[in-house]
Asker: 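Pasting in a structure now, in structure tokens, and then I'll have a few things to ask.
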Number of protein chains: 2
Amino acid sequence: MASMTIIDIAKICGVGVTTVSRAINNHPDISEETKAMIMKVIKENHFVPNNSARNLKRSASKTIAVLIKGITNPFFNRMIQVFEKEIQRKKYSFILQRVDENQDEIEVAIELEKEKRLKGIVFLGGYFSHVKEKLEQLTVPYVLSTIGMTPEFDPQEYSSVSVDDFKESYKMVDYLCRLGHQKIAILTAPMSDVSIGKLRYEGYKQALADHGIPLNEKLVCCMKEQIESYSMENGYVVTQELLASGEEFTALFAVSDSLAVGACKAIFESGKSVPDDYSVAGFDGLDITFYYHPSITTIRQPVEEIAEETIRILFDLINKKMTHAHKIFPGELMIRDSTIPYKE
Amino acid sequence: MASMTIIDIAKICGVGVTTVSRAINNHPDISEETKAMIMKVIKENHFVPNNSARNLKRSASKTIAVLIKGITNPFFNRMIQVFEKEIQRKKYSFILQRVDENQDEIEVAIELEKEKRLKGIVFLGGYFSHVKEKLEQLTVPYVLSTIGMTPEFDPQEYSSVSVDDFKESYKMVDYLCRLGHQKIAILTAPMSDVSIGKLRYEGYKQALADHGIPLNEKLVCCMKEQIESYSMENGYVVTQELLASGEEFTALFAVSDSLAVGACKAIFESGKSVPDDYSVAGFDGLDITFYYHPSITTIRQPVEEIAEETIRILFDLINKKMTHAHKIFPGELMIRDSTIPYKE
DNA sequence: TTGTAGGCGTTATCAA
DNA sequence: TTGATAACGCCTACAA
């Protein structure tokens, strides 16, 4: 039989559609017994309400969408879990929407906002270089979570939660310098990057400068554009080239953990060792850095706290408790087995 | 200003709503110039059509949904990419819907089918033990991709694409036996599991039997229920317990690569070595098995082929070219550095 | 506590 | 090539 509607159910039950609607939506104005009867009929006939119709009619729904760019990143998994938990705790429902690499997240957001009558949006990952005019089409509050922003964006215009990529990167390179390393290679985003890749690279440069180490451009290795960015493969390939170049270095800082894993592999394959021949450090705090052998020194981003704070700010915005907020969490330098002091 | 509708646009343009609709949907019956004019107005006013209304009205849309259980699994990333590419190539649009661990994927599917007027569904991951009655509520074709099915399901009732988990598991354990290993531990799903975990365990048992090796239950290690299943952490914790138990073994077969990585870590931490003290093998063919040090022997599932075939079958079903199909792909035994012959 | 009727924004039908 | 109008399935004043 063709799909049932609320009208069919009403007919079968011998009641009006309103009553059925009330039963479905747990409205108070309905007697327990009619409700039970209706629900029974619904079960028996496998009636499922059509969400499109509901969304169309509803003026507002209690739902939050999380838009995530690059779902590949294992770093987001934990965050999504926290988002879901926190959003459900607030009795809101939760939509996870993947945004393709070559899709515009704002356009997706605008469309989704209308379709689902969203109450708020979380943007996760990606670069976020959008014109103000476009952002203004978003009529519900939104928070950028772990998204590096270039400074030309007016902080008054948006809210965000993240670590200070510049500072944390600095922290790591500073640590490597203090171990006595002077020739520190970096594996980073292409120079065209404007987001976290750039921020972390700037931290590297600053740390070197503060230690009186001149920048050696031959030790600045950029990911290949044609390979998935921040992937193990990219780290592997780029490190192979670095090793083949013959340029000397004693430590390698990869701006993401996956890159670091790929780098380690390239080093091992060349017959060298981590950390005896090269110290290697990553960034993010992925689980794999703990499980890799040797375990990999990294900057752990406090994902749970970041996710929780993101939701807290979003709801404050929704409840109009504030206009905009920016929260920066400190990262944690996890010293592991992949980095050791420089030895002559 | 409040959100625009197609009526507002029609008024501004001085045309009827139908004409606007035609412009939006690239209908043939409209002159190029009015269309251009309308599109210009739409751009200027940032009009975005409401999807709920479209879905409600449309009788059918060319869209395929991929429902994925346990988005954590990195194994799915590549598959999703292929799905997206193939679906777009067919000029269909693609929806990725995450299904929570404690959600019923069929119910999600039924709801989504109505909401989005789906043409077809792909189920990815999970266990899939559903009653026939429920499956029958799905009125569009669907394909199970890389989902282990217990034999009691009638193959006439559904379509599927996967590897033969039993056979591939057998292949791996057989290989370990041929290396001379006799005491082979397995890291597998809890015995209550009915899906791939069970199938892979059965393959292990059969291979041991065929080599005349009695099953030692102390070497059958089940994942902890309270830890994320098939995770590195689970492999780590369970292997620590195995090592602590003092039960002797020379090889360890983990039914997933992530478990294998965790196992390796536990072994290294105990002061032992892979592969010198213990050979370790995984299953799935994740990238990390190549990048780990030592690289990990595994069964590679041909993800691209599986994904492509899934879509091919789905479209054959949609176009009524067949009733049901089951495609089994062979896995590939990737012999790496984590397994070596048994030495006295 | 229950039912009737109108409208959410779009597309499809049909007539102009 | 265009436009008026009736659905699509549901929710919600408002009336009973």
Asker: Would you mind reading off the distance between A/Ile38 atom CD1 and D/dC11 atom P, rounded to a whole angstrom?
Answerer: 13 Å

Asker: Students often get this wrong, so: under 4.0 angstrom with heavy atoms, is A/Ile30 touching a base, only sugar-phosphate, or nothing?
Answerer: sugar-phosphate

Asker: Tell me: CZ of A/Arg54 to P of D/dT12, nearest whole Å?
Answerer: 10 Å

Asker: Atom CG of A/Asn55 to atom C1' of C/dC8: distance rounded to whole Å?
Answerer: 11 Å

Asker: Please examine the side chains of B/Met79 and B/Ile306, heavy atoms only from C-beta on, and report whether any two atoms are closer than 4.5 Å.
Answerer: yes

Asker: With a 6.0 Å cut-off on ring centres, are B/Phe123 and B/Tyr142 close enough?
Answerer: yes

Asker: Just how far, in rounded Å, is P of D/dT1 from CD of B/Glu33?
Answerer: 11 Å

Asker: What's the closest nucleotide to the B/Leu56 side chain, out of D/dG3, C/dT2, D/dC8?
Answerer: D/dC8

Asker: Using whole Å, report how far CD1 of B/Ile9 lies from P of C/dT10.
Answerer: 9 Å

Asker: Going by an N to O cut-off under 4.0 Å, is there a salt bridge joining A/Lys134 and A/Glu107?
Answerer: yes

Asker: Using a cut-off of under 3.5 Å, enumerate the N/O to N/O pairs linking the protein to nucleotides 12-14 of chain C.
Answerer:
unit_1	atom_1	unit_2	atom_2	d
C/dA12	N6	B/Thr18	OG1	3.3

Asker: Starting from P on D/dT1, measure out to NZ on B/Lys35 and report it in whole angstrom.
Answerer: 12 Å

Asker: For A/Glu157, give me all partners under side-chain contact (heavy atoms from CB on, under 4.5 Å), at least two apart in sequence or on another chain.
Answerer: A/Lys132, A/Asp154

Asker: C/dT2, C/dG9, D/dG3: which one has an atom nearest the side-chain heavy atoms of A/Ser31?
Answerer: C/dT2

Asker: Keeping the roles fixed (side chain from A/Asn45, backbone from A/Ile42), state whether a donor-acceptor pair exists under 3.5 Å.
Answerer: no

Asker: Heavy atoms under 4.0 Å, any strand shown: does A/Asn50 hit a base, just sugar-phosphate, or nothing?
Answerer: sugar-phosphate

Asker: How large an angle, rounded to 10°, do the end axes of the helix from C/dT1-D/dA16 to C/dA16-D/dT1 enclose when each is built from five base pairs?
Answerer: 30°

Asker: Ring pair (Phe, Tyr, Trp, His ring centres under 6.0 Å): which pairs involve residues 85-122 of chain A, sequence neighbours left out?
Answerer: A/Tyr92-A/Phe315

Asker: Decide whether a cation-pi geometry holds between A/Lys85 and A/Phe83; the criteria are a distance under 6.0 Å from NZ or CZ to the six-membered ring centre and an angle within 45° of the ring axis.
Answerer: no

Asker: Nearest of D/dC10, C/dT10, C/dT1 to any side-chain atom of B/Ile6?
Answerer: C/dT10

Asker: Is there any ring pair (Phe, Tyr, Trp, His ring centres under 6.0 Å) pair reaching into residues 41-61 of chain A, and which pairs are they, with sequence neighbours excluded?
Answerer: none

Asker: Would you indicate what A/Asn25 reaches in the nucleic acid, counting non-hydrogen atoms under 4.0 angstrom: base, sugar-phosphate, or nothing?
Answerer: sugar-phosphate

Asker: Enumerate the residue pairs fulfilling salt bridge (charged side-chain N to carboxylate O under 4.0 Å, His left out) with a member in residues 23-42 of chain A, sequence neighbours excluded, ordered by first and then second residue.
Answerer: A/Lys40-A/Glu44

Asker: Distance check needed: C/dG7 C1' versus A/Arg117 CZ, whole Å only.
Answerer: 12 Å

Asker: Using a heavy-atom cut-off of under 4.0 Å over every strand shown, decide if A/Thr34 touches base, sugar-phosphate, or nothing.
Answerer: sugar-phosphate

Asker: Grab the NZ-P distance between B/Lys11 and D/dA4 for me, whole Å please.
Answerer: 11 Å

Asker: Salt bridge between B/Glu105 and B/Lys69, side-chain N to carboxylate O under 4.0 Å?
Answerer: yes

